[in-house]
Engineer: 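My questions will all concern the structure given below.
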Amino acid sequence: MSRVYNFSAGPAVLPEAVLREAADEMLDYRGHGMSVNEMSHRSQMFQEIIDEAEADLRGLMGIPDTYRVLFLQGGASQQFAAVPLNLCALPGASRRADYIVTGQWAKKAYQEAGRLIDAAAIASSADKTFSYIPDCSDLAVRDDADYVYICENNTIYGTVFHELPDTKGKPLVSDVSSMFLSQPVDVTRYGVIYGGVQKNVGPAGLVISIIREDLIPADDIAGVPTMLQWRTQADNGSMYNTPNCWSIYLCGKVFKWLQGQGGLSGIHERNQAKAAILYDFLDESSLFRGTVRTEDRSLMNVPFVTGDADLDAAFVRESRAAGLENLKGHRSVGGMRASIYNAMPVEGVEALVSFMRDFEARH
Ligand SMILES: *Cc1c(COP(=O)(O)O)cnc(C)c1O
């Protein structure tokens, strides 16, 4: 067996130790004689798995009791609709929300909200292909906005909010899909934090939404499908219907793995060290350059180019042959992108940089 270094943006690399453990338990989960894939979600065994996963996640992120943790399906994309449908159904809501558009995922969320409510883009970095984070220190947040929305780490463009915007007292909603559990977080600064887990946490098909309790509408929302109302899953322990049992189980293992890495501050240190290796090389390279404004660089997704499309294509081809997979950039940016999530070992980044050095010398 030989494993490659997988730089995919998502679904993405998972910790090898977690995969081995899951493999060991595949036929017989802890003496129960069946796989987690075969268990009833109503069984005591599975209840323990989901309860432990939630407790461990709360511990890692320091989630206060005033926040609910929901394990949902439909991906981050479904939350693009769930966010306005729920937050604009709260008592006194004006059905207006303000969006900061810093990339394609933020734009999709903004457009989806626009189908349902009065959504405004109050800041954007579209003018420079989303290569920076706009100044959010004094935003024109509307007085009656129900919330302010950001996509905190922009998976495709490789930017991150190093400082949260001043929302002028409005609840902040953040899509953290591609930076979930990559660094310590102060949950109390947010109304809603959510992310698809397939970028930095676990297998595809699960989105975790962490929602301040008072932002979950207490009553049925007329005209909104049951499954899109947060209340439905909040009242039913995320098991109104059959959840993604497998993904919850594997995420639980990743939470334990993160505890072993020193929690979020431990993994953050590693992530900083890994990203520095790649960014330092990009800054000194005569062939490659990063595409993002330096102060807005993401620790997770690192896009870079040579400036020559043919050379970029050759790089992707040759890196693949060298066991470095999925380095092709998103079609909207071109060039290359290395996603160096929590589970990417430092050796993978070192191998990439050493390949880049060699490629540079040859070209
Ligand atoms: C991938 C991604 C999404 C979309 O996730 P799905 O689970 O496929 O809907 C949304 N937001 C961000 C930041 C992403 O990286």
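In each ligand, atom 1 is the first atom listed, and ligand 1 is the first ligand listed.
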Engineer: Would Phe180 and Tyr194 count as a ring-ring contact (aromatic ring centres under 6.0 Å, His included) here? Give the steps.
Structural biologist: CA-CA 8 Å; Phe180 220 160; Tyr194 78 91; 9.0 Å; no
Engineer: Going by the atom numbers of ligand 1, which of them fall below 4.0 Å from some non-hydrogen atom of Gly75?
Structural biologist: 7 (O), 9 (O)
Engineer: Kindly state each residue pair satisfying salt bridge (Lys or Arg N to Asp or Glu O under 4.0 Å) with at least one member in residues 266-279, sequence neighbours excluded.
Structural biologist: none
Engineer: I'd like to check which ligand 1 atoms, numbered from 1 as shown, lie under 4.0 Å from a non-hydrogen atom of Thr155.
Structural biologist: 12 (C), 13 (C), 14 (C), 15 (O)
Engineer: If you have a sec, work out which protein heavy atom is nearest atom 11 (N) of ligand 1 and how many Å separate them, to one decimal?
Structural biologist: Asp175 OD2, 2.6 Å
Engineer: Quick check: closest heavy atoms across Ile133 and Asp296, and the distance to 0.1 Å?
Structural biologist: N-OD2, 3.0 Å
Engineer: List the atom of Phe130, the atom of Gly103, and the distance in Å for their closest heavy-atom pair.
Structural biologist: CD2-N, 3.3 Å
Engineer: Please check if any side-chain donor atom of Tyr341 sits under 3.5 Å from a side-chain acceptor atom of Asn301, or the reverse.
Structural biologist: yes
Engineer: Just to be sure I'm reading this right: ignoring hydrogens, which of Ser77, Ala12, Ala9 gets closest to atom 9 (O) of ligand 1? Compare them by their nearest heavy atoms.
Structural biologist: Ser77
Engineer: Just to check, does Gln78 reach to within less than 4.0 Å of ligand 1 when the distance is taken from its heavy atoms?
Structural biologist: no
Engineer: Looking at ligand 1, would Cys151 count as a contact under a 4.0 Å heavy-atom criterion?
Structural biologist: yes
Engineer: Could you list which atoms of ligand 1 come closer than 4.0 Å to a heavy atom of Gln198?
Structural biologist: 5 (O), 6 (P), 7 (O), 8 (O)
Engineer: Which atom names give the shortest non-hydrogen contact between Asn244 and Ala204, and what distance separates them?
Structural biologist: ND2-O, 3.4 Å
Engineer: At under 4.0 Å between heavy atoms, is it the side chain or the backbone of Lys199 that contacts ligand 1, or both, or neither?
Structural biologist: side chain
